[in-house]
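Position 1 is the first residue of the sequence; numbering continues from there.
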Amino acid sequence: MKVAVLMGGKSFEREVSLASGKVVCEALEEAGHKVVPLDTNADLVPTLRSERPDVVYNALHGKHGEDGTIQGLFQLAGIPFVGCDAISSANCMDKEMTHTILEAHGIQMAKWLRVDNEKMQDFDAFAKQAEQKLGYPMFVKPANAGSSVGVGKAHDRAELKSACLHALQEDYKAVVEECIEMQEMETAVLGNSNPQAAGVVGELVPVVEFYTYEAKYIDGTTALHIPGRVDEEISQQLRRTAEKAFAAIGCQGFARIDFFVRKGDHAVILNEINTIPGFTSISMYPKLWAHCGLSYPQLLDRLIQLGLERNAQ
């Protein structure tokens with residue numbers, strides 16, 4: 001089968017996309033597929049037309065890779081592709097929409113507020129509201145940016161203002177969330193209409209104060225525990241909640257769904273849904289499936305099958 005692998009692009013996450021794409025290409029070749037690697041900095045549409053792959057694997061991270069933009073192009077062109085469609089990709093990328101949809105389905109997330117440039121015109125009023133609802137410290141995140149890009153942590157009002165201004169350089173709106181003392185857990189979900197989570201969960205233990213882009217993808221300063229250090233009851237709750245969230249927001253193919261397990265009461269709190277999980281040597285998604293006996297080539301074969309099945313519907 002001819003598989004086009006999209007990687008690179010122009011986002012802040014170009015380098016990790018290239019790293020993921022390289023691993024994906026090698027695993028697909030090992031599985032016997034004809035691979036067409038495409039860096040989307042080149043002229044993408046004519047190349048796709050001339051090559052006309054049987055299916056596309058999208059290894060683009062961040063804006064224009066995870067936000068539904070490229071998925072919409074595939075849907076218009078009638079090209080089968082791996083992963084979520086345009087609408088679910090956009091809703092998972094937009095943190096405000098993720099909160100709104102999942103909380104409507106009874107899935108617990110961190111307490112939050114939206115901030116935008118209009119609210120920054122009366123920052124003291126917004127800060128007072130945030131302090132009353134969330135308390136310090138708080139996290140500030142651009143609503144539409146991947147992998148900790150533009151994220152800041154605020155311990156007081158001055159830091160909150162600085163973090164909001166920084167986040168709003170990345171997007172026209174941001175979310176401000178409560179800080180939770182927790183274990184950080186990750187799940188791997190696979191499927192279309194009947195999604196299944198991998199049989200184990202993973203745990204992240206950052207050396208830095210919070211899980212930055214560099215810690216996540218580049219410098220390896222995060223310890224990974226597979227299985228994660230929670231009891232089986234919590235592990236099952238994480239996996240079942242991940243499957244529920246995957247279906248509720250309309251995901252297809254695959255997603256890495258990240259959680260907090262709050263210290264003290266062990267509440268399971270969904271953090272975010274990543275619709276293009278990394279496939280680098282330190283990436284959690286393929287590691288969780290490998291732990292359950294599904295190798296990289298087998299996992300990619302399954303993802304291709306799911307993409308073709310969705311396209312045929």
Side-chain angles (χ1 to χ4, degrees), residues 66-68 71 82-112 141 143-144 146 175 177-178 180 182-204 211 225-278 283-289 291-292 294 299 302-303 305-307 309-310 313:
E66 298 180 63
D67 60 5
Q71 291 81 1
V82 168
C84 296
D85 66 7
I87 293 174
S88 57
S89 296
N91 285 335
C92 290
M93 184 73 167
D94 187 319
K95 295 177 178 64
E96 181 184 25
M97 291 304 300
T98 303
H99 271 282
T100 301
I101 294 169
L102 295 186
E103 288 169 358
H105 283 81
I107 294 170
Q108 186 175 359
M109 298 186 70
K111 291 184 291 185
W112 65 289
K141 307 174 181 180
N144 289 278
V175 295
E177 295 179 341
E178 65 174 325
I180 298 170
M182 48 71 186
Q183 289 174 275
E184 192 162 358
M185 314 299 294
E186 295 191 347
T187 63
V189 182
L190 184 64
N192 285 338
S193 59
N194 184 32
Q196 300 291 320
V200 294
V201 299
E203 180 183 1
L204 302 169
Y211 197 26
H225 295 277
I226 302 175
R229 298 171 299 175
V230 292
D231 63 33
E232 182 57 26
E233 182 180 351
I234 296 296
S235 176
Q236 285 196 23
Q237 186 179 354
L238 288 162
R239 284 150 32 216
R240 300 296 84 80
T241 305
E243 292 165 355
K244 179 180 178 181
F246 187 97
I249 209 163
C251 290
Q252 294 168 311
F254 66 157
R256 193 195 73 233
I257 304 185
D258 303 343
F259 290 90
F260 301 141
V261 175
R262 188 162 57 202
K263 292 185 177 178
D265 64 358
H266 305 297
V268 167
I269 299 168
L270 192 145
N271 180 30
E272 66 177 3
I273 300 177
N274 188 308
T275 58
I276 307 290
S283 295
M284 184 71 87
Y285 187 93
K287 283 181 174 291
L288 289 173
W289 284 111
H291 186 90
C292 297
L294 198 62
L299 175 58
R302 180 65 184 134
L303 288 170
Q305 291 169 8
L306 290 167
E309 287 171 10
R310 185 263 311 283
Q313 292 176 352

Between the main-chain N or O of [Y] and the side-chain N or O of [X], is there a donor-acceptor pair closer than 3.5 Å?
X	Y	result
T98	N91	yes
Q183	R229	yes
K141	E177	no
D67	A90	no
E184	L204	no

Next on the checklist: In terms of relative ring orientation, are W112 and H99 parallel, tilted or perpendicular, with 30° and 60° separating the classes?
Outcome noted: parallel
Within a strict 4.5 Å, meaning less than it, do heavy atoms of the [X] and [Y] side chains meet?
X	Y	answer
N271	F259	no
S235	V200	no
L270	M109	yes
E66	C92	no
Y285	I276	no
I87	Q71	no
R262	I269	yes
T241	I257	no

Over all heavy atoms of both residues, which pair between [X] and [Y] is shortest? Give the atoms and the distance, please.
X	Y	result
C292	G199	SG-N, 3.4 Å
A197	W289	C-CH2, 3.9 Å
D231	I234	OD1-N, 2.9 Å
A110	I180	CB-CD1, 3.8 Å
G68	S89	N-CB, 3.6 Å
F246	P195	CD2-CB, 3.4 Å

Item to check | Salt bridge present between E232 and R239 (N-O < 4.0 angstrom) | outcome: yes
Quick one: [atom1] on [X] to [atom2] on [Y], what's the gap to the nearest 0.5 Å?
X	Y	atom1	atom2	answer
N192	L306	CG	CG	4.5 Å
R256	I273	CZ	CD1	11.0 Å
T187	L288	OG1	CG	8.0 Å
L190	E243	CG	CD	10.5 Å
M284	H225	CE	NE2	9.0 Å

Next on the checklist: Go through it in stages, so that I can follow the logic: the residues are Q196 and N194, the test is side chain to side chain contact (heavy atoms under 4.5 Å, CB included), and I'd like the CA-CA distance, side-chain angles, deciding distance and then a yes or no.
Outcome noted: CA-CA 7 Å; Q196 300 291 320; N194 184 32; 3.4 Å; yes
Checklist outcome for this item: Between Q252 and the options Q313, E309, R310, the side-chain hydrogen bond (donor to acceptor under 3.5 Å, both in side chains) test singles out R310
Next on the checklist: The criterion is side-chain contact (heavy atoms from CB on, under 4.5 Å); which residues satisfy it with S88, sequence neighbours excluded?
Outcome noted: C84, D85
Checklist entry - Taking it one step at a time, do V189 and C251 satisfy side chain to side chain contact (heavy atoms under 4.5 Å, CB included)? => result CA-CA 10 Å; V189 182; C251 290; over 6 Å; no
